[in-house]
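Reading through the structure tokens given below for one structure.
Keep in mind the model is a prediction, meaning the values are calculated, not measured. Chain identifiers are assigned alphabetically (A, B, ...) following the order of the sequence lines, protein sequences preceding nucleic acid strands; residue numbering begins at 1 within each chain.
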Protein chains: 2
Amino acid sequence: MSTDRHLPETIDTARPEAIQPALRAGSPAACAAPCVISKEAEDLVRDLLVRFGDKWSMRVMDELYERGALRFSRLRESLQGISQKMLTQTLRQLERDGVVARRVYAEVPPRVDYELTPIGIELAEALCGVWEWAIRHEQRVAALRAAFDSQLAAGAKPASRDD
Amino acid sequence: MSTDRHLPETIDTARPEAIQPALRAGSPAACAAPCVISKEAEDLVRDLLVRFGDKWSMRVMDELYERGALRFSRLRESLQGISQKMLTQTLRQLERDGVVARRVYAEVPPRVDYELTPIGIELAEALCGVWEWAIRHEQRVAALRAAFDSQLAAGAKPASRDD
DNA sequence: CTGAATCCCTTTGGATACTG
DNA sequence: CAGTATCCAAAGGGATTCAG
């Protein structure tokens, strides 16, 4: 009777009823600083997420976090597949935000190395929260995605049965 | 002696020397679960950052986090400026990942509402770590960016004096 | 009211070639 | 070795139109 991709009963898996606003109010896991932020900070957060969500920033951060200072070439080897352009561009952005420090040695063969700054390390660690979430729910998310895609496929087909 | 945008002395502000690998090893703020992750989880993290770093996902999440279940129109009003296409698209992605639950009411005028799932709330809270970092360093980052841009401007000019 | 489909512009990212 | 510049393909995202 429902040609919709979703049936009212279907969303039961998510159990929205189980998450009342009260939960949020008294949630023990809620962030220490209540998420009431200035406009500037909010922009910065989104800006950050955009940055680290791009194709390479997180990898660069991770490499520098794991291995300390690295020079351009070394970094490029590690992040195998990155183009020189993107590595430069990515490093510039990170440097501009003060999370990566760039050191130039005035030598005959140019030498430059990069390293996380203290606030860069802080940021890397802050990202661990998301990281941990991903670990916790990796399986679940994969399953949910699969289920979602199946529903899509099923809904697309003429046989719109709804159990 | 240096025509480079950066002088070796310049990066002193970042003090890379101050962040030895030892710091990371024993860092008290380091994530509980060491950041040694499976390939799948890493992909998922990047995927997540991409998602929430886009133009609207975080806003949607935030609205739902703050106000609980909301219907499409209501959500669209709140996220003023979002196009219908992007709201739908964003919600689909979030739903697919299981962080947002969609509920359809089989009524004459179609009604649909959206709400964070339990793991969606968890994720929102995990993002608070980044959020808090942004709050802590908002000023600093702004200053660093300004300084960086100034240096760029200065370096771009023909007068490449270096102290 | 909700949302799919289309058109179109902007941004992102990769390959390549060129400089100090 | 490190980095800039250019060209080009692909993805993101907005406005508009159409449909259940």
Side-chain angles (χ1 to χ4, degrees), chain A residues 1-8 11 46-47 49-60 69-96 100 102-114 151-152 155-156 160, chain B residues 1-8 11 46-47 49-60 69-77 79-96 100 102-114 151-152 155-156 160 162:
Chain A
M1 63 180 72
S2 161
T3 56
D4 237 280
R5 294 180 13 266
H6 289 267
L7 316 181
I11 46 80
R46 188 163 16 256
D47 202 73
L49 291 177
V50 169
R51 175 126 325 133
F52 297 106
D54 74 6
K55 200 169 181 181
W56 300 106
S57 291
M58 196 172 66
R59 288 184 163 248
V60 171
L70 288 174
R71 35 188 312 186
F72 192 86
S73 300
R74 199 81 191 77
L75 205 43
R76 189 175 176 183
E77 293 168 11
S78 306
L79 309 167
Q80 197 207 5
I82 192 173
S83 67
Q84 168 277 322
K85 171 187 171 183
M86 289 317 295
L87 179 52
T88 301
Q89 185 173 304
T90 301
L91 286 169
R92 282 292 170 285
Q93 298 284 7
L94 296 177
E95 186 192 2
R96 191 174 108 99
V100 159
R102 170 185 143 126
R103 208 163 2 187
V104 180
Y105 301 90
E107 298 177 359
V108 182
R111 193 161 73 101
V112 179
D113 64 24
Y114 297 88
Q151 272 195 27
L152 264 185
S160 55
Chain B
M1 61 181 76
S2 161
T3 55
D4 238 281
R5 294 179 17 261
H6 290 268
L7 315 181
I11 45 80
R46 186 162 18 257
D47 203 73
L49 291 178
V50 170
R51 175 125 326 133
F52 297 107
D54 74 6
K55 200 169 182 180
W56 301 107
S57 291
M58 196 171 67
R59 288 184 163 249
V60 170
L70 288 173
R71 39 186 310 184
F72 192 87
S73 300
R74 198 81 190 77
L75 205 43
R76 189 174 177 185
E77 293 167 11
L79 308 168
Q80 196 207 6
I82 193 173
S83 68
Q84 169 272 320
K85 171 188 172 183
M86 289 317 296
L87 180 52
T88 301
Q89 185 173 304
T90 301
L91 286 169
R92 281 293 169 284
Q93 298 284 7
L94 296 176
E95 186 192 1
R96 191 175 108 99
V100 160
R102 171 184 144 127
R103 208 164 2 189
V104 180
Y105 301 90
E107 298 177 359
V108 182
R111 192 159 73 101
V112 179
D113 64 26
Y114 297 87
Q151 272 195 26
L152 265 186
S160 55
D162 54 289

Quiz prompt | side chain to side chain contact (heavy atoms under 4.5 Å, CB included) partners for A:E107, two or more places apart | solution =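 If we apply the side chain to side chain contact (heavy atoms under 4.5 Å, CB included) test to A:E107, skipping adjacent residues, the hits are A:Y105, A:P109, A:R111.
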
Take atom [atom1] of [X] and atom [atom2] of [N], then tell me their distance rounded to the nearest Å.
{"X": "B:R92", "N": "D:dG13", "atom1": "CZ", "atom2": "P", "answer": "17 Å"}
{"X": "A:E77", "N": "D:dC1", "atom1": "CD", "atom2": "P", "answer": "9 Å"}
{"X": "B:E95", "N": "C:dA4", "atom1": "CD", "atom2": "C1'", "answer": "15 Å"}
{"X": "B:R59", "N": "D:dG13", "atom1": "CZ", "atom2": "C1'", "answer": "15 Å"}
{"X": "A:L87", "N": "D:dA5", "atom1": "CG", "atom2": "P", "answer": "17 Å"}
{"X": "A:L91", "N": "D:dC1", "atom1": "CG", "atom2": "P", "answer": "17 Å"}
{"X": "B:R102", "N": "C:dC1", "atom1": "CZ", "atom2": "P", "answer": "16 Å"}

Exercise. Establish whether the base of D:dA15 is bridged to the side chain of B:Q84 by a donor-acceptor pair shorter than 3.5 Å.
Key: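 No.
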
Exercise. By nearest nucleotide on DNA chain C, pick out whichever of B:R71 and B:T88 is the more 5' one.
Key: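 On the 5' side of the pair lies B:R71.
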
Quiz item: For A:D113, which of A:R74, A:R71, A:R103 qualifies under salt bridge (charged side-chain N to carboxylate O under 4.0 Å, His left out)?
Solution: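 Looking at A:R74, A:R71, A:R103, the match for A:D113 under the salt bridge (charged side-chain N to carboxylate O under 4.0 Å, His left out) is A:R103.
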
Quiz item: Is the closest side-chain heavy-atom distance between B:T90 and B:K55 below 4.5 Å?
Solution: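 The answer is no; the side chains never approach within 4.5 Å.
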
Quiz item: Mind checking whether B:L87 and B:L79 have side chains closer than 4.5 Å, heavy atoms only?
Solution: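 In contact.
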
Quiz item: How does each nucleotide of nucleotides 8-14 of chain C score, in 5' to 3' order, for protein heavy atoms under 4.0 Å: base (B), sugar-phosphate only (S), or none (-)?
Solution: -----BB

Quiz item: Counting only N and O atoms by type, is there a donor-acceptor contact under 3.5 Å from the side chain of B:S57 to the main-chain atoms of B:G53?
Solution: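 No, B:S57 side chain to B:G53 backbone: no donor-acceptor pair under 3.5 Å.
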
Quiz prompt | Those residues that, when tested against A:D54, pass salt bridge (charged side-chain N to carboxylate O under 4.0 Å, His left out) (two or more places apart) | solution =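 Here no residue qualifies.
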
Quiz item: When we call it a touch if two heavy atoms are under 4.0 Å apart, what does A:P110 touch: a base, just sugar-phosphate, or nothing?
Solution: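 A:P110: base contact, heavy atoms under 4.0 Å.
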
